Structures are given as structure tokens and as C-alpha cells.
2 protein chains.
Amino acid sequence: MASHGVRGRSGGRPTLEEVAARAGVGRGTVSRVINGSPRVSDATRAAVEAAVEELGYVPNTAARALAANRTDAIALVVPEPETRFFAEPYFSDMLKGVGSELSETEMQLLLIFAGSDRERARLAQYLAAHRVDGVLLVSVHADDPLPDLLTQLEIPAVISGPRSAAEPLASVDSDNYGGARSAVEHLLSRGRGRIAHITGHLAVYGAQRRVDGYRDALRDAGHEVDEGLIEPGDFTEEGGRRAMAELLRRHPDVDAVFAASDVTAAGAGQVLREAGRRIPDDVALVGYDDSAIARHMEPPLTSVRQPIEEMGRAMIDLLLAEIADRRPVASRGLGRHQVVLATELVERRSS
Amino acid sequence: MASHGVRGRSGGRPTLEEVAARAGVGRGTVSRVINGSPRVSDATRAAVEAAVEELGYVPNTAARALAANRTDAIALVVPEPETRFFAEPYFSDMLKGVGSELSETEMQLLLIFAGSDRERARLAQYLAAHRVDGVLLVSVHADDPLPDLLTQLEIPAVISGPRSAAEPLASVDSDNYGGARSAVEHLLSRGRGRIAHITGHLAVYGAQRRVDGYRDALRDAGHEVDEGLIEPGDFTEEGGRRAMAELLRRHPDVDAVFAASDVTAAGAGQVLREAGRRIPDDVALVGYDDSAIARHMEPPLTSVRQPIEEMGRAMIDLLLAEIADRRPVASRGLGRHQVVLATELVERRSS
DNA sequence: ATCACTTGTGGGAGCGCTCCCACACTACCT
DNA sequence: AGGTAGTGTGGGAGCGCTCCCACAAGTGAT
């Protein structure tokens, strides 16, 4: 029976109640000050803040989470193994943007890898326990069940790269269509007339939009689109090699190639060189992503850059808005839930 | 599949109490089953498990954290900016080891960067709120206040790379002394007699131990140690260049160099080449870390490899033990709190 | 003077768990 | 017969917050 009377006062960390006693106010008032409510007089606020300072009070997150039913944490879910995460600068930039935007807030960021089946099962459990207020989904494949799981659990989520034009989740993307256009227009302005396109994996919506941009750029410049010059790839280096070989076989007169990714362009470049074509003299080459590989290729690769860091920031903005919105459950307006950011063509010696 | 809505009062997630009602037992019994207590009869356990399944019950982490005063989360604190984190394979390997070991448990891993002052302030706040049960500290500088903060807050912590021989925190390290010895012994066995050492930053304990290993290997082989052949560096490439230039000036007869890191070795290699020395013909070169750069140098660099992934696993093991230990507060035995893992010399063409 | 607001404040009632004490029951001694 | 363990089990008492209702005191219109 003596066990509790002592414990609170002398023992561990100070509680709200102790701060209240010290400041000579009620528990509710301290809570209001801590949470920045405007309905507190200046004098009271000062008294409470002094007590907080003196006692070194730090709110107990668990208690807050339990009472308020929120966690003040969001997760960045990477449906890839750690290895790829570290290999691709995409994630590093994204994380930088997300981190910088989040540092303005009280929110905590969790990084969760869901590459293996086991990790995915763990993630599902984690989400079911509602241990985060929202989720950032990057690099999601079209058939991934994760987005639907999130919808079902009613967890706010933002996806980078919508899965289709009708993506129900809030999303942030770069302007794939415009980026592709700028690449093709650049090649046209350099006097190239037989411009081929090696696509990305066409199950990815962004890859489709790049094809659309390619077609429209040609059409608007008065060229007719030769569908034979569009060769399907899959974003990989090997895919680039295969597609380029096929293009050279069917269309030996090709004088420019726009590849849907830098690594694809790298693969295409190898095949071109092996076939004795000089870059850019015989065939101009343009990639996409402006990754490190673009700068290190020989010759350095012209490429379409996406503002990845900015995309990370935009995702956070959307997600925080979504989380704040979740009170009026009915009013899920289809407002500004899709953000598209402009790309930029970085010209180098390959074109 | 039928989620709930029948028994649940107002549509939220099922609670312990609801599971108890469904299984026809008391709240305490369900808690015991959930937490794997052995003091439950098989029949009761089965009934509870069935109810959990039917209701799709998932424990509320916040409530658990509040009642039990633990979070089931640990943090991996990286006192570096994100950029370096991604640049160095060290962290990637470490994270892999940590993640794999942790996936056996219910623990959640948080990745926290504390490169800037602002991030550090945030981290301090975070730790003061006791939002994690323990902390993994990697790549800590000797004068970092973080370890002491953790001690003061009584948060279990494990450090990679002790700050001194008297490191009070539990620590995991690779055998810097033995690694250095093996490098020097290898050079001796290749018939080299004038072996120089470019050190790491000597404020780092591990760098000192490598110097010790260098000295003892020579001494034990019957050579006398020429202190002039020990040139201070700082783990960087530029430091390697500077130190090598100095060595060549003072000791033109040097026929082997053991550098405290691969990048240092790379810097030294440049200077050697510029001075017209061939590697390994005129001067043999050995690095430390066995990083990607070692494989990509010309000629490929012999290097001492540290088992980083395994170090990550060992850190988790130590930390979990420390966390489990914290109940008998008095019995802070100075048991096996220091783990040292063996290194391995990877021989390549530079020696 | 009354009424109707507004502003600031105190504190009760939970949130969903874990901990632990009390209480059956059983089994096996004396 | 009574004692003395040991095993399962139920449920009270919190953990430290937020939410919200009640209420005092002030302000202005009637």
C-alpha cells in the first residue's frame, strides 16, 4: 500500500499533474499550454512554461498516443530489399526531402523495408496495429497489394508515381509526359529525324506517359510516328541492350535514341558502340533520371532530371494534410490530391 | 474475413476485453496468452487464440507501452548527415546485420540521423522522452556527448568502436590490433623490410590499436620499429596523399605501406605513382576496410576486412540482453559487455 | 437589472493495456 | 482431518495523457 504514494513524486519522470501542481494550475491547463492552445492567458502560460522548464518535463508519448489515438509517426515504406535502397540515389534524395520537410514538425519518420515476404507480413501486422498515422509509399509496382491494404485499414497514404490515371491514393509524380517531350524536342532541334524510343516497363504508368510524350512531341513537330521505332524495354541495362539490338536490326537508319532510364541508355550505348556507331556523331542518346551513371558515361549522357528531393517534400505535405483531414471523414473531397512536378533536361555530350 | 462490427461496440478495433468476452475468460488470461505466459491451460489458450483470430485482434501498442513502460523499439543512431550514410557501404552492411537479427523479435528499428545540430537537439528531446528502449550508436567520435547523455538517461546502449580501452558502454568492435598485425605480417612474409604505416585519426581508439598492432608485428618478427615510418593520417584520401609525400621525402627507401583505411591507401597510391614507383613491384600497398574502392583500384588493393554485418548482429544481441537486464538494477555486472570480432586479410595484387 | 455570449480554467472520465493480489481448485503430504 | 504447496484464473488499480463538460468571471446589449 506504500507502493504508489512514493513512486509518483520522487521516482521517474515528472508528469502533467506534477507540472500542474508546481504551476498552481489544473491538469487541463498544462495540457493546453503543451499543445499550444490559444485559449490560455499569457500569465498562466508563462507560469506553466516555467514549471515545465524547472521540472524538465517531457510529455509521455505512449500516454498521449493512447488518449488521443494518434502516434505522431509516419512510415516511409520501401518495397525493396535494403540493398537496392542503398544502391539507388533515388531513395537517398527522397529521404533527404522527406527528412527536411518533416523536421519542421513533431512527426517521427520510420523507415520500413518490405522486400521479402517475411518483411511484408511484418509490415502488414505493423499497419494493422495502426502504429503510424500515415504512410509514404515509394516505388510501388502496379500489382502491389499494399495500397489497397492501406485503403482498407483507412490509413492515410501518399504514393510516389500513381499506378494509373485513376489512382485513388494521393500521389506525387514528376511530369513524365513533359520530360519525354523535352527530350524528343531537344533531339529534333539537333536535327535528328529518326528518333527511336526504348520504353520502360509498360506496366508502370510513368513509362506509358513517357511514350505518350514521345509520340506527341513528334506529332506536334509535324513528324509522323513510326510505331516500329518504339521498342519495349523494362528500365534495366539488359533490356536496353536487347531493345537497341532489335532497333538496329529493323531500323539501321536510326539517328537518335531516347531511353526511358539512364541504365537503359547505358545498355543501348554499349550495343551502339559494338555496332560501330559513334555517339553522338552517328546516333544521339538521351536518358532519363539524371543519375550518377549519366555523368560517368562516356560520353556523358544527356538526361531528364526529376526533382526527387522536392517530390519527397511534396509527399510529406500531402500526407500531413491528409492526416489533418481525417476528422471530417465524410468530406473526402477529390481536391488537390495529385501533385506533378516539372522535370528538367540536362544536356551533355551524348546528344 | 468478416472483420467485426457484430460484437464491437462502436466499430473500432477489438480490445483485450472484447476478446476475453468472446473467449469466455477474464482480461488477465487473454493478456497472458498474448504474451506467451506458460501459466495458462492448453484448453484456455486454444479458446483465446480462436477468439483472437475471429476478431482479428491486434494489441494496441500505445496502451501496452503506457502500462508496461516500454516501447518495443530501439534506435540506430547515425551521427552523420544522410549523405555520408548512403555513401559508405559500412552503414548499409551494418543495417543489414541489425535488421536480420531484429527480425527474429518483436522489436521495431528506428533509423535516426543526427548530423546537424538541429537534428541532434531533436534526438536529445527524443531520448529524453524515452521513446526507445535502447540505442545503437555507430561511428561515434571520441568527444561526442551522446554516449554520456544516454548513460545519464539510463537508456541501454551499445556502441560500435569503443572510445577507449575503458569504454563504459557495451561495445562491439573488430579486432583492429589483430587486423593490423595480419597486414604487417603479410608484408613481412612477402619479403618487405621497410614497411611504413599511415595511421587513421589518432583520436579514434581503433586507429591507435592499429598502430599498436603494426608495432608489435614488427617487433615480434625481430625488426626494430622506426618511429619515423609511422606517419599520422586521418582516414581520408587527402590525408593519405599528404602522408605518403612526407614518407617519400624522409624515407625514399620505403618498400611497403600499410594504410589505416582504403581511401587513405588510394591517396597514397596516387602519390606513389606520381613519384614513379610501381605497385607492388617497388612499393607494396595494403589498406583497411575492404571497401568497394579496394576492388576497383588499379591494381586491386589488398585490404583487411571487418565483418560489419556480423558486428551489427552482435550489437543487437548485446543491446537486447542489456534491455532484458534492466530489471535487477543493482546487478549491473561488468560481464561480457565487450565483443571483438576477428578480421580477415583479403589479398589482391597490390602486395 | 437581466440575459447572452465569450474567455479562461479545473477536473472527471476514459483510452487499452500490464501488474499483481485474491481466490478457487487440486494434489500430496502429515 | 487439517495443512501446505502449487496451478489457473478473474478483475481491481493504475500508467499519463486528451477530451470535454461545467463553471466562474468578465463584457456588452437590452
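Naming: A, B, ... by sequence-line order, numbering from 1 per chain. On a predicted model such as this, the values are computed, not experimentally measured, just so you know.
Rounded to whole angstrom, the span from the CZ atom of Arg70(B) across to the C1' atom of dC15(D) amounts to 13 Å. His130(A) places its NE2 atom 17 Å from the C1' atom of dC17(C), with the value rounded to the nearest Å. dT18(D) atom P lies 12 Å from atom CD of Glu17(A), rounded to whole Å. We find that CG of Leu16(B) is positioned 16 Å from P of dT9(D), with the value rounded to whole Å. Distance, Arg131(B) CZ to dG16(D) C1': 15 Å, rounded to whole Å. Look at CD on Glu18(B): it is 8 Å from P on dG16(C), rounded to the nearest Å.
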Distance-only donor-acceptor hits, side chain of residues 38-46 of chain B, under 3.5 Å, sequence neighbours excluded:
from, atom 1, to, atom 2, distance (Å)
Ser41(B), OG, Thr44(B), N, 3.3
Ser41(B), OG, Thr44(B), OG1, 2.7
Arg45(B), NH2, Ser37(B), O, 3.1

Please tabulate, for the side chains in residues 308-321 of chain B, all donor-acceptor contacts under 3.5 angstrom to protein atoms that are two or more places apart in sequence or on a different chain.
from, atom 1, to, atom 2, distance (Å)
Arg313(B), NH1, Ser100(B), OG, 3.4

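For Pro162(A), the side chain to side chain contact (heavy atoms under 4.5 Å, CB included) test picks out Glu167(A), Ser171(A), Asp173(A), Tyr205(A), with sequence neighbours left out. Taking Glu54(A) as the reference, Arg22(A), Ala50(A) meet the side chain to side chain contact (heavy atoms under 4.5 Å, CB included) condition, with sequence neighbours excluded. Partners of Arg27(A) by salt bridge (Lys or Arg N to Asp or Glu O under 4.0 Å), not counting sequence neighbours, listed by chain and number: Glu17(A). Legend: residues meeting side chain to side chain donor-acceptor pair (under 3.5 Å) with Arg120(B), ordered by chain and number and at least two apart, are Asp144(B). Qualifying side chain to side chain donor-acceptor pair (under 3.5 Å) partners for Thr61(A), counting only residues two or more places apart in sequence or in other chains: none.
For the contact set between residues 54-67 of chain A and DNA chain C, defined by any heavy atom under 4.0 Å, the members are Leu66(A), Ala67(A). Near DNA chain D, meaning a heavy atom under 4.0 Å from it, residues 34-43 of chain A has Asn35(A) in order of number.
The end-to-end axis angle of the helix from dA1(C)-dT30(D) to dC29(C)-dG2(D), rounded to 10 degrees and based on five pairs per end, is 50°.
Scanning both residues, Val135(A) and Val132(A), for their nearest heavy atoms gives CG2-CG2, 4.1 Å. Contact between Ala75(A) and Leu109(A) at its shortest, heavy atoms only, is C-CD1, 4.5 Å.
Among pairs with a residue in residues 92-112 of chain A, those fulfilling salt bridge (charged side-chain N to carboxylate O under 4.0 Å, His left out) read Glu104(A)-Arg118(B), at least two apart in sequence or across chains.
The closest donor-acceptor contact from the side chain of Glu53(B) to the backbone of Glu49(B) lies at 3.5 Å or more, if one exists at all. Checked by atom type and distance alone, the side chain of Asp133(A) never pairs as donor or acceptor with a backbone atom of Arg70(A) at under 3.5 Å.
Among dG8(D), dT18(D), dC17(C), the nucleotide with an atom closest to any side-chain atom of Thr44(B) is dG8(D).
Between the side chains of Ser139(B) and Glu80(B), a donor-acceptor pair is found at a separation under 3.5 Å.
Thr29(A) has a side-chain polar atom (N or O) that falls below the 4.0 Å cut-off from OP1 or OP2 of dG10(C).
Sequence order on DNA chain D of the closest nucleotides to Arg27(B) and Ser31(A) puts Arg27(B) first from the 5' end.
For Arg45(A) against dG8(C), a side-chain-to-base donor-acceptor contact under 3.5 Å is absent.
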Check: Under the side-chain contact (heavy atoms from CB on, under 4.5 Å) criterion, do Leu111(B) and Val77(B) qualify, and how do the steps go?
Finding: CA-CA 6 Å; Leu111(B) 190 57; Val77(B) 171; over 6 Å; no
Heavy-atom contacts, protein to nucleotides 21-26 of chain C, under 4.0 Å, summarised as B (base), S (sugar-phosphate only) or - (none) per nt, yield ------
